[in-house]
Each structure stands twice: as structure tokens, then as C-alpha cells.
Amino acid sequence: MANYHLFIEKAPGIMDGLKRDFNFSTVQAAAILGNLGHECNGFRTMQETHPVSGRGGYGWPQWTGPRRRAFEAWCDDHGLDIESDAANYGFLKQELLTTHDNARRALLRERDLVRAVRVFERKFLVAGVPHYPSRERYAEIALQAYTVRGGVAALAIESAEDGQGGDWLESGLETLDGDVALLRRPSSSARERHEADCGCVGGAKALRRARMEYAPSSFDVSAAETTAGVLVAGPAIHSTASWGARPATSAITVLNRRPTGIVIHHTASANVADTSLAHAKQLARNIQDFHMGPQRNWIDTGQHFTVSRGGHILEGRHRSLEVATAGLHHVLGAHAGSACNADHVGIENEGTYMTGLPTTAQWQSLVRLCAWLCNQYGMSTSNIIGHRQCKSTDCPGDRFFSQLGELRQDVNHEL
């Protein structure tokens with residue numbers, strides 16, 4: 001796994017500066033950090049390692065040619081060390097106010113993280129080879145780091161203003177004290193559904209209608225916890241924003257405790273040959289539509305993560321990636337019945353595995369995801385269980401269930 005520690009440490013402060021100086025939204029600031037993170041290897045490489053010609057790029061965005069010379073001259077004029085954060089942020093700000101004001105104006109029009117990342121690359125960096133997946137991954141990590149550090153309040157407000165999460169804001173956000181978001185228990189007007197089951201498509205057992213009850217204790221971030229959180233970056237996980245998830249219809253409940261185990265599911269859908277990322281993102285949208293549709297009428301996707309047959313990992317329920325990255329709390333899901341939902345992370349695996357097994361890519365991604373979750377939460381691999389161990393169901397399929405012992409062994413080897 002890549003080392004994101006320095007990037008995670010620096011990103012929130014730089015995002016604060018960008019929001020203050022340019023009135024960027026949290027998503028827009030994260031898009032800039034995604035590009036910077038890719039260019040300078042998470043702030044670990046100021047000098048381009050293998051330049052095609054000349055001295056190559058230098059600094060956060062790898063300024064090259066005339067822009068590098070302008071950066072060096074600006075640092076001399078201001079008496080700043082060219083490698084310092086002050087120098088790099090100062091010249092970035094200078095360009096956004098002058099020579100690259102068009103990038104600033106274009107970015108201000110974007111609300112989607114992926115589009116914002118790409119617009120800023122095209123307008124400000126103009127890379128020879130864009131490598132968008134890497135830029136988008138860094139942007140997602142920046143967004144997570146900022147949110148967990150305490151920017152959750154600002155992000156909630158912006159989402160509500162965009163019409164994408166007003167229930168989250170109304171049901172929990174009370175005040176902001178410094179960098180710590182203080183959340184209260186949701187009111188009766190915005191209850192969280194404590195759903196009964198994941199509703200795996202085509203499952204053999206009938207599913208009960210989700211029942212309503214008040215949410216358990218809400219997310220309460222302390223300053224000490226936010227400092228300790230977001231230490232280990234996981235495998236490449238595509239966030240709800242990246243696959244175009246609909247907003248949840250009610251507040252996502254975050255329990256003030258860590259989960260103790262992982263529940264393995266299969267979607268009981270076709271074992272398709274399409275292993276593309278585009279297919280995986282459509283799968284995530286289909287699952288969310290099913291769970292939020294008239295068949296289930298849930299507030300959001302039931303499970304926390306989904307692994308496609310191509311090995312792509314996608315965030316399912318909103319905030320699952322953010323909270324797991326911090327490793328301190330648990331998003332209440334709707335995938336395995338009330339008893340398991342309260343203390344287990346749910347992972348859906350695309351396909352039907354009564355007689356067959358996941359693809360090699362899918363298995364490897366599942367192993368990495370489980371290992372990361374076990375590391376984040378200090379969970380024992382013995383607590384990786386199948387859906388049928390929580391309630392009466394064929395999920396995750398007879399053959400897959402028989403291989404859970406091997407899955408636990410592979411996860412142990414990964415840790």
C-alpha cells in the first residue's frame with residue numbers, strides 16, 4: 001500500500017487555506033489536493049525524478065520550464081525556502097490569482113469531485129499523461145482526512161446547500177467548536193432506519209420490511225481522536241461520490257464504538273464477465289437503487305463496501321470509507337440483521353457462489369479490504385463470518401461459505 005501519512009497530515013491545513021483564500025468548497029479544495037498529491041508523491045518528492053528534458057518539474061504541482069523559473073524567482077523575492085510549505089502555497093496562490101485565474105474560475109463551477117479533479121488538471125497542470133485514477137484517489141483521501149479531522153461540519157453544510165444531504169445536517173449538526181464537530185442524537189423527525197437485512201438480489205429467503213427506531217448514540221469526535229485517526233490508507237476504494245451515489249434520505253448513524261467483525265455476502269446476481277470499473281460503478285448504483293427503492297425503502301445502500309468481479313472496491317453506504325479510515329467508530333449498516341448490523345462491517349461480493357467462487361482479482365481485493373479493516377479496527381480475522389451465520393439465508397453461497405476459513409488465512413498473511 002502507498003504511504004499517505006505525510007499527505008494526510010498536510011492536506012487539511014492546505015484545504016483550509018484554499019477555502020479561506022478562494023471561497024472554494026471542501027470538494028473543490030480536495031480536488032486541488034488530489035492533483036498536488038499525485039504530482040509530488042504526497043508531498044514526499046519535490047523534484048521530478050525522471051524528467052524527459054531539462055531540470056524537470058519542481059514543487060507541489062511540479063512547476064516546469066518558465067513556471068519553475070518564475071517560482072524560483074518568486075521565492076527569492078520573498079526570502080522563502082523553495083521547499084517550504086509557505087513558498088509552495090504562496091506561489092500556488094499567486095498563480096490562481098493571476099496567470100491561472102481561469103483554473104480558479106472553472107473549478108468554482110464544479111460540484112462533483114471527479115469532475116473537479118479533471119477540470120483542475122486540464123486548466124492548471126496540463127499533464128502529458130493525466131493518470132486520473134491516481135489524482136482521484138488522492139482527492140478522496142484528502143476529503144476523508146479533512147472530514148475526519150473535524151471538517152465534517154463544513155462538508156455537511158455544503159452538502160445540504162447543494163440539496164445533497166439536508167437530512168444529515170438537520171438530524172445531527174448542532175454547532176462547531178474550533179475543529180471539532182459536535183453532533184447530537186437525531187430528532188424524531190429524522191430517525192435512522194435500523195434495517196433488517198441487506199436484501200441481496202435473488203436471495204432464497206424473504207426479507208422483512210425494515211422497522212423504524214431511534215438511532216443509537218451519534219458520532220462524537222474528540223480532538224484527541226481526530227489527531228490519532230486517519231493513519232493507514234487502505235486499498236484503492238471508490239467513494240460514493242466517485243460512482244455517483246444518490247444522497248441518503250435520512251441521517252447516516254455513526255455509532256460511538258468500533259465494529260468487532262466483518263460479514264461476507266454475495267449479491268446473488270449473475271457471474272458476469274465484465275470486469276471494468278464502469279461496470280463496477282453501475283453495479284453500485286443498481287444495488288443502491290434496489291435498496292432505496294420500493295422493494296426495501298431503505299435510507300441508503302445497506303452494506304458498507306462492494307467488491308466487483310473485476311476486483312474493484314466501492315464504498316456502499318455513505319460515510320463508510322470516511323469512518324473506517326479513522327478507525328474509531330462504526331457506521332450502522334443494513335446488511336445482516338439487527339444483531340450483526342450493530343457490530344459488523346458488511347461486504348457484498350458481486351456474483352452467485354452456490355457452486356462457484358469469486359474471480360482471482362475479486363478474491364485478492366476482498367483479502368486486502370478485510371486486512372485493512374482488521375488493521376483499522378483491531379479486529380480478529382476469526383470474526384470474519386458469512387451472512388448465514390447472522391440469520392437464515394443462503395448468502396454468501398454454499399461454495400463461498402466453505403472457503404471462509406481460507407479467506408481468514410489469506411487475510412492473516414496480508415496483515
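No hydrogens or angles considered: a donor-acceptor pair under 3.5 Å links the side chains of Q282 and N286. K19 and T26 share a side-chain donor-acceptor pair at under 3.5 Å. Checked by atom type, the side-chain pair H265/N349 shows no donor-acceptor distance below 3.5 Å. N412 and T381 share a donor-acceptor pair across their side chains, judged by distance under 3.5 Å alone. Defined by atom type and a distance below 3.5 Å, a donor-acceptor pair is present between the side-chain atoms of H38 and S134.
Residue L373 comes nearest to A324 through the heavy atom pair CD2-CB, 4.0 Å, listed as atom of the first residue, atom of the second, then distance. Residue A103 comes nearest to L96 through the heavy atom pair CB-CD2, 4.4 Å, listed as atom of the first residue, atom of the second, then distance. Scanning all heavy atoms of the two residues, the minimum distance from S402 to R399 falls at OG-O, 2.6 Å. Summarising the geometry of A284 relative to L314, their closest heavy-atom pair is CB-CD2, 4.0 Å, with the distance given to 0.1 Å. Across all non-hydrogen atoms, the minimal contact from A142 to L33 is CB-CB, 3.8 Å. Across all non-hydrogen atoms, the minimal contact from I384 to C370 is CD1-CB, 4.2 Å.
Classification of E121 and R118 as a salt-bridged pair fails, no side-chain N sitting under 4.0 Å from a carboxylate O.
Residues H304 and H344 keep their aromatic ring centres 6.0 Å or farther apart. Ring centroid separation for the pair F400 and H266 does not come in under the 6.0 Å cut-off. Ring centroids of Y58 and W63 are separated by 6.0 Å or more, keeping the two rings apart.
Applying the salt bridge (Lys or Arg N to Asp or Glu O under 4.0 Å) test to pairs two or more places apart or on separate chains, those with a residue in residues 84-104 are K10-D85, D21-K93, R67-E95, D101-R104, D101-R105. Applying the salt bridge (Lys or Arg N to Asp or Glu O under 4.0 Å) test to pairs two or more places apart or on separate chains, those with a residue in residues 235-255 are R246-D289.
Between the side chain of Q376 and the main chain of T325, a donor-acceptor pair closer than 3.5 Å is present. Between the side chain of N35 and the backbone N or O of A31 there is at least one donor-acceptor pair closer than 3.5 Å. Checked by atom type and distance alone, the side chain of R137 never pairs as donor or acceptor with a backbone atom of A236 at under 3.5 Å. The closest donor-acceptor contact from the side chain of D112 to the backbone of R115 lies under 3.5 Å. Between the side chain of S308 and the main chain of G310, a donor-acceptor pair closer than 3.5 Å is present. Without hydrogens or angle criteria, D398 side chain to T355 main chain gives no donor-acceptor distance under 3.5 Å. Between the S250 side chain and the I299 main chain, no donor and acceptor come within less than 3.5 Å of each other. For T45 (side chain) and N41 (main-chain N/O), no donor-acceptor pair under 3.5 Å exists by modelled atom type. Within the 3.5 Å criterion, the main-chain N or O of H335 finds a donor-acceptor partner in the side chain of N341. Formation of a donor-acceptor pair under 3.5 Å by the S320 side chain with backbone atoms of G316 is not found in this model.
Contact check for P235 versus W372: side-chain heavy atoms found under the 4.5 Å cut-off. Residues Y377 and L328 are not in side-chain contact: their nearest non-hydrogen atoms beyond the backbone lie 4.5 Å or more apart. Looking at heavy atoms from C-beta onward, I141 lies in side-chain contact with I8 at the 4.5 angstrom threshold. L92 is listed as a side-chain neighbour of L18, based on a closest heavy-atom distance under 4.5 Å. Contact check for F401 versus D394: no side-chain heavy atoms found under the 4.5 Å cut-off. Annotation: side chain of L404 is not in contact with side chain of I385 (no heavy-atom distance under 4.5 Å). Taking the side chain as every heavy atom from C-beta outward, Q403 and L357 approach each other to under 4.5 Å. Side chains of Q362 and E350 form a contact here, defined as non-hydrogen atoms less than 4.5 Å apart.
The line from CZ of F120 to CD1 of I32 is 4.5 Å long, rounded to the nearest 0.5 Å. Within the model, atoms CZ of R111 and OG of S25 stand 6.0 Å from one another, a figure rounded to the nearest 0.5 Å. How far OG1 of T306 is from CG of L366: 11.5 Å, rounded to the nearest 0.5 Å. To the nearest 0.5 Å, the span separating CD1 on I313 from CG on L369 amounts to 4.5 Å.
Among Y138, Y146, W60, the single residue meeting the ring pair (Phe, Tyr, Trp, His ring centres under 6.0 Å) criterion with F7 is Y138. With R388 as the fixed residue, the side-chain contact (heavy atoms from CB on, under 4.5 Å) test singles out one of V263, I264, T393: T393. Here the rule is side chain to side chain donor-acceptor pair (under 3.5 Å) with D343, and of R258, H330, R257 only R257 fits it.
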Side chain to side chain contact (heavy atoms under 4.5 Å, CB included) evaluation trace for R309 with V272: CA-CA 7 Å; R309 284 177 58 80; V272 300; 4.2 Å; yes

Show the numbers, then the answer: is there a side-chain hydrogen bond (donor to acceptor under 3.5 Å, both in side chains) between H329 and N256? CA-CA 5 Å; H329 301 85; N256 196 18; 2.9 Å; yes

List the steps, then state whether side chain to side chain contact (heavy atoms under 4.5 Å, CB included) holds for Q303 with H291. CA-CA 10 Å; Q303 77 278 4; H291 287 179; 3.4 Å; yes

side-chain hydrogen bond (donor to acceptor under 3.5 Å, both in side chains) between S239 and E140, intermediate numbers included: CA-CA 7 Å; S239 69; E140 290 173 351; 3.3 Å; yes

Criterion side chain to side chain contact (heavy atoms under 4.5 Å, CB included) on Q288 and W243, from CA distance to verdict: CA-CA 11 Å; Q288 187 186 45; W243 56 261; 3.8 Å; yes

For Q28 and L108: C-alpha separation, side-chain torsions, deciding distance, then whether side chain to side chain contact (heavy atoms under 4.5 Å, CB included) applies. CA-CA 7 Å; Q28 291 158 357; L108 283 169; 3.7 Å; yes

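The local environment of NZ in K281 is crowded, with over 12 non-hydrogen atoms from other residues, nucleotides or ligands closer than 6.0 Å.
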